[in-house]
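First the proteins, then the strands, lettered A, B, ... as listed; each starts at 1. Treat the numbers as computed from the prediction; the structure is a model and nothing was measured.
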There are 2 protein chains.
Amino acid sequence: MATPTPQTAPTGGLRERKKQRTRDALIRAALELFTEQGYDATTVDEIAEVVDVSQRTYFRYFANKEDVAFAVQEMVEARFLEELSARPAAEAPLTALRSAVMVAWDEIGSAIESVIPLELHMRSYQMIESTPALVAVHLRRSSELEEQIARLIARREGLDVDTDPRPRVLVAAFSGVMRVAGKVWGEGQDCSVASIRELTESYLDHIGPAIADDWRSHP
Amino acid sequence: MATPTPQTAPTGGLRERKKQRTRDALIRAALELFTEQGYDATTVDEIAEVVDVSQRTYFRYFANKEDVAFAVQEMVEARFLEELSARPAAEAPLTALRSAVMVAWDEIGSAIESVIPLELHMRSYQMIESTPALVAVHLRRSSELEEQIARLIARREGLDVDTDPRPRVLVAAFSGVMRVAGKVWGEGQDCSVASIRELTESYLDHIGPAIADDWRSHP
DNA sequence: TTGTCAATTGTCAGCGACTGACATTAGCCT
DNA sequence: AGGCTAATGTCAGTCGCTGACAATTGACAA
């Protein structure tokens with residue numbers, strides 16, 4: 001109580017660095033095992049053994065077996081939110097979302113590399129999309145992110161999310177499209193960053209026309 | 001091999017009726033326990049005990065603890081798909097989706113009552129929305145439904161889902177909006193069927209305007 | 001009715017995810 | 001060096017879930 005708020009050493013301590021290393025090692029080991037032998041065929045004990053820690057320690061870093069698969073995604077999402085907050089207020093909502101995604105895709109690469117090889121991350125993404133248990137978690141996480149995005153958009157436009165349905169509706173539509181783009185990408189061959197960037201861009205361009213009623217007159 | 005395909009009695013057998021009764025009893029018991037004490041606080045053994053069957057038998061009817069919570073939803077979804085297939089080809093895609101939802105909402109009530117009280121189903125829906133593990137499963141199920149809907153829409157319009165992105169994009173946007181409507185309803189007070197019907201209708205009306213760029217000029 | 005066949009269920013053993021409790025180790029700070 | 005506390009290991013136990021095998025029970029023909 002009387003301590004000057006020591007607060008677990010800001011950054012410099014050996015302890016902190018060691019913890020970070022263990023965490024990164026767990027992520028790397030987990031993703032490697034998941035992508036090689038499959039998620040279900042991998043046990044938490046295996047992951048812990050590779051990193052040479054006890055199973056109990058794994059569960060002190062990650063709440064469950066699934067969470068470790070999304071540790072990198074979490075970084076990406078945080079990056080996207082930052083980018084969205086930084087978009088000029090003059091941009092229309094959908095435009096701001098689109099721009100933020102594009103900028104984020106260009107910048108996250110290096111951030112990811114600091115934890116795991118980018119190629120491993122790409123393979124992990126596809127692994128998630130083809131593992132029912134992880135698809136479910138991924139969707140839930142996405143919907144939580146949507147709520148945050150909706151609130152950001154509402155703030156930009158000076159609206160209240162609980163009164164005006166447009167922020168949530170727009171974000172719901174936007175996210176749905178993003179998800180489909182990611183899914184289609186995962187099913188395709190080209191697993192490069194450029195590929196998903198293009199696909200995303202193309203799909204976002206279709207959102208307007210798809211809502212319009214007369215598909216037959218605009219083929 | 002030489003048998004004239006007996007195939008587990010079409011409908012009339014005592015065996016079939018008994019199975020159906022057990023299944024319904026499991027659903028009812030599970031939903032009652034889930035809504036009363038919470039999903040996590042309920043064990044599969046408890047559910048089985050109420051129905052007076054072994055835990056093993058429960059798992060012969062449902063693949064896991066989560067599935068039983070969505071047994072009724074499954075009926076509703078099947079009903080919606082039927083309704084959508086029956087919409088006249090002249091209707092525009094988004095219009096057909098909207099109409100199918102509305103008609104489905106008006107008709108499923110009685111079908112649900114044949115298994116569990118409608119009020120229990122409504123409470124279950126809110127229970128699902130407030131249980132992270134179930135939210136995840138719900139979203140995954142929804143996304144699988146989306147794929148089916150997209151293919152239906154594509155067929156209506158004579159398109160190929162793998163070539164033309166519009167069916168999936170539209171359905172993604174549509175489903176996102178539906179989900180938000182359901183979520184907002186779950187958080188509100190009025191848990192009647194009429195209430196969710198109206199909310200859905202209203203939210204679907206906003207999808208067009210929300211995509212448009214100039215929110216500030218149309219408050 | 002009775003006996004045979006197949007479907008349903010119960011029992012049991014066991015794995016893997018996860019958690020609380022407590023002992024042990026190891027960075028940190030004076 | 002020595003005490004403090006955070007991080008880790010160990011252990012026991014619960015719960016979800018599954019395979020294997022035995023017991024029961026409806027279905028159907030002789």
Side-chain angles (χ1 to χ4, degrees), chain A residues 1-26 29-30 33-34 37-70 131-134 136-137, chain B residues 1-26 29-30 33-34 37-70 131-134 136-137:
Chain A
M1 281 301 176
T3 60
T5 327
Q7 202 141 315
T8 62
T11 51
L14 192 160
R15 240 179 196 158
E16 286 304 307
R17 271 179 289 131
K18 207 166 183 179
K19 258 176 40 175
Q20 192 58 49
R21 264 194 293 129
T22 308
R23 193 185 141 85
D24 289 355
L26 281 171
L33 288 171
F34 288 167
Q37 30 178 301
Y39 177 78
D40 295 319
T42 305
T43 67
V44 173
D45 293 82
E46 279 183 276
I47 302 171
E49 200 179 7
V50 171
V51 184
D52 204 57
V53 294
S54 70
Q55 189 214 48
R56 194 66 182 82
T57 293
Y58 168 92
F59 284 111
R60 287 203 176 94
Y61 280 91
F62 302 96
N64 46 55
K65 185 181 169 185
E66 297 142 7
D67 268 25
V68 70
F70 296 94
T131 306
L134 295 182
V137 175
Chain B
M1 280 303 178
T3 61
T5 326
Q7 200 140 315
T8 63
T11 51
L14 192 160
R15 237 175 197 160
E16 287 303 307
R17 272 178 288 133
K18 209 167 182 180
K19 257 176 37 174
Q20 193 58 51
R21 265 194 293 127
T22 308
R23 192 185 143 86
D24 289 355
L26 282 171
L33 288 171
F34 288 169
Q37 29 177 293
Y39 177 78
D40 295 319
T42 304
T43 67
V44 174
D45 293 83
E46 280 183 276
I47 302 171
E49 201 178 7
V50 171
V51 184
D52 203 56
V53 294
S54 70
Q55 189 213 48
R56 194 64 181 86
T57 292
Y58 169 92
F59 284 111
R60 287 205 175 94
Y61 281 90
F62 302 96
N64 47 54
K65 185 181 169 185
E66 298 141 8
D67 268 25
V68 70
F70 296 94
T131 306
L134 295 183
V137 175

Rounded to whole angstrom units, what separation is found between the [atom1] atom of [X] and the [atom2] atom of [N]?
X        : N       : atom1 : atom2 : result
Glu46(B) : dT14(D) : CD    : P     : 15 Å
Arg21(B) : dT9(C)  : CZ    : C1'   : 15 Å
Glu16(B) : dA7(C)  : CD    : C1'   : 10 Å
Lys18(A) : dT5(D)  : NZ    : C1'   : 15 Å
Glu66(B) : dC15(D) : CD    : P     : 17 Å
Lys19(B) : dT25(D) : NZ    : C1'   : 14 Å
Tyr61(B) : dA7(C)  : OH    : P     : 14 Å
Arg15(A) : dC4(D)  : CZ    : P     : 14 Å

- Query: dT9(C) phosphate, OP1 or OP2: any side-chain N/O from Thr57(B) under 4.0 angstrom?
  - Reply: no
- Look at all strands and tell whether Phe62(A) reaches a base, only sugar-phosphate, or nothing, counting heavy atoms closer than 4.0 Å. nothing
- Item | Minimum heavy-atom distance between Ala25(B) and Val51(B), given as atom pair plus value | O-CG2, 3.6 Å
- Looking only at non-hydrogen atoms, find the nearest pair between Glu66(A) and Tyr39(A) and report the distance. CG-OH, 3.1 Å
- side-chain contact (heavy atoms from CB on, under 4.5 Å) with Phe34(A): which of Asp40(A), Thr131(A), Ile47(A)? Ile47(A)
- Message: What does the B/S/- profile of nucleotides 12-17 of chain C look like, 5' to 3', with a 4.0 Å heavy-atom cutoff to protein?
- Response: -----S
- Message: I'd like to know if the side chain of Glu46(A) reaches the main chain of Thr43(A), judged simply by a donor and an acceptor atom lying under 3.5 Å from each other, with no hydrogens or angles considered.
- Response: yes
- Task: May I ask you to decide if Ala63(B)'s main-chain N or O and Tyr58(B)'s side chain share a donor-acceptor pair within less than 3.5 Å?
- Result: no
- Message: For the CD atom of Glu49(A) and the CG atom of Leu33(A), what is their distance to the nearest 0.5 Å?
- Response: 10.0 Å
- Donor-acceptor pair (no angle test) under 3.5 Å: Arg60(A) side chain, dT19(C) base: no
- Could you go step by step and tell me if Leu134(A) and Phe70(A) meet the side-chain contact (heavy atoms from CB on, under 4.5 Å) rule? CA-CA 9 Å; Leu134(A) 295 182; Phe70(A) 296 94; 4.1 Å; yes
